[in-house]
2 protein chains.
Amino acid sequence: MPFPMDAKAILKDHIAKIVSLTDEQFDYVFSHFKQQSYKKGQAIISEGDKVDCEYFVLEGCLKSFYINDEVKMFILQFAMPTWWASDYNALYNGGRATISVDCITDSQVLCLNSADREKLCNEIHPVEHFFRWRTNKGYVAAQKRLLSFMNNDARHRYEELMALYPALYNIVPKQLIAAYLGVSRETLSRLYNS
Amino acid sequence: MPFPMDAKAILKDHIAKIVSLTDEQFDYVFSHFKQQSYKKGQAIISEGDKVDCEYFVLEGCLKSFYINDEVKMFILQFAMPTWWASDYNALYNGGRATISVDCITDSQVLCLNSADREKLCNEIHPVEHFFRWRTNKGYVAAQKRLLSFMNNDARHRYEELMALYPALYNIVPKQLIAAYLGVSRETLSRLYNS
DNA sequence: TTTCGAATGTGATGTAGGTCACACAGCAAC
DNA sequence: GTTGCTGTGTGACCTACATCACATTCGAAA
């Protein structure tokens, strides 16, 4: 399958869960997205890049991550189909990327330019509503994860993650799961062998 | 000073930094806010409450926090003037509060009902834009804090916090700063005595 | 002024998880 | 096949921080 069944239908479905657009409106919105394929391991946003798009995942799996001075990686998010990813700080504040995004598996995405997003939000009120909803969801999720970090130990966070996204276990190397949980791969390995 | 100089002017200013509203529009928006005073230590949202408002701080300082089974407190946010606070998860998903909000000092706030917020967002496009912007800012901040948790030790996070909000040091008991940093009060105490 | 409670400091000790080291997979390219 | 590279397990340590216990300071109430 060279392409996901139907990029347009997937996005339409996703948006329709939150707001109602007429077919004309949606066609117009969709015309601003650009479909792209990436190979496993390929970078979408690298540290230092100018960031001007956000990415809607159609197929595959992305990660957004930060690498510190000791070259240690921390994963902010795994992005599965119908999730969005970007360096939102750079995207909104116009700076260079500090967060990188790349492909864990071969992936299909739709890119939306930031200027276009703002234009669409401006022109079509429900689109702005959609993006407010989406960002709000991200915000609540980030707060939850923050609390989990303060509250729970590594084993607890591991079990939480597996309960929430059991699919990850098979798709994602454990190294990356460790980088998401904020523990060393050694510790993670010891966690589920006991 | 029984009341902040002018609640209306403060909110107007705050919103005007992001979007332009006509005076009529703003008056209409403002008419949905309810001003309230709280005493130091007073609860605004308690665990288990039905949550239907968010709070804009005019004066004073609030905290939003979570208390776990071992009765240990974790602080999500200190809300200073012109900041917003609530249990956004409960507010948007209609559940009961798991996050509490109370007053660190005597405070003046403006309350906005969630139904009213949605109504205003619907009726006045720029208002929706404002709230998207605000939520986005919160989202980016939460992600930054997450990274800081994964990346930095307690001392680093402490210095980060003090650099960002030096005012906190004088206003807020160190216990609470510890609860924000996610360390014990003892550890925090040892941090800055060395 | 005294008294009481809350907030803070400080020592002794325990532990989760980090780091380093090395071994052993599995898979891709040749 | 063999060479590598990337992922994973496992042991021996080490360190940051938690916890418990008790001392001290400070502010508000009496």
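Lettering follows sequence order; numbering is per chain, from 1. All values below come from the heavy atoms of this structure, side chains included, with hydrogens, waters and symmetry mates left out.
Bracketed by its first and final contacts, the part of DNA chain C lying under 4.0 Å from non-hydrogen atoms of chain B reaches from C:dA7 to C:dA12 in 5' to 3' order.
Taking the six-membered ring for Trp and the full ring otherwise, the centers of A:Tyr139 and B:Trp84 sit at least 6.0 Å from each other. For B:Phe33 and B:Phe56, the distance between ring centers is not under 6.0 angstrom. In this structure, A:Phe130 has its ring center under 6.0 Å from that of A:His14.
When all heavy atoms are compared, the tightest approach of A:Lys63 to A:Phe78 is CB-CD2, 4.3 Å.
The distance from atom CG of A:Asn152 to atom P of D:dA18 is 15 Å, rounded to the nearest whole Å. Whole-Å rounding puts the B:Tyr158 OH to D:dA16 P distance at 18 Å. Rounded to whole angstrom, the span from the NE2 atom of B:His156 across to the C1' atom of D:dC17 amounts to 17 Å. Rounding to whole angstrom units, CZ of residue A:Arg190 and P of D:dA12 are separated by 11 Å.
For D:dG7, its base never sits under 3.5 Å from the side chain of A:Arg185 at any donor and acceptor pair.
Contact between the side-chain N/O atoms of B:Thr187 and the OP1/OP2 oxygens of D:dA18 is found at a separation under 4.0 Å.
Using a 4.0 Å cut-off between a side-chain N of Lys or Arg and a carboxylate O of Asp or Glu, B:Lys12 and B:Asp6 do not qualify as a salt bridge. A salt bridge links A:Glu54 to A:Arg134: one of the charged nitrogens lies within less than 4.0 Å of a carboxylate oxygen. The pair B:Glu159-B:Arg155 meets the salt-bridge criterion, with a side-chain N (NZ, NE, NH1 or NH2) lying under 4.0 Å from an Asp/Glu carboxylate O. Checked for salt-bridge contact, A:Arg96 and A:Asp49 miss the test: no charged N lies under 4.0 Å from a carboxylate O.
Direction of the helix axis in the helix from C:dT1-D:dA30 to C:dC30-D:dG1 shifts by 40° between the two five-pair termini, rounded to 10°.
Heavy atoms of B:Gly41 sit nowhere under 4.0 angstrom from any nucleic acid atom.
Heavy-atom distances to DNA chain C give each of A:Leu188 and B:Val172 a nearest nucleotide, and the one nearer the 5′ end belongs to B:Val172.
A cation-pi geometry, defined here as NZ or CZ lying under 6.0 Å from the six-membered ring centre and within 45° of its normal, holds between A:Arg117 and A:Tyr92.
The B:Glu186 side chain lies nearest to D:dT19 when the options are D:dC22, D:dT19, D:dT10.
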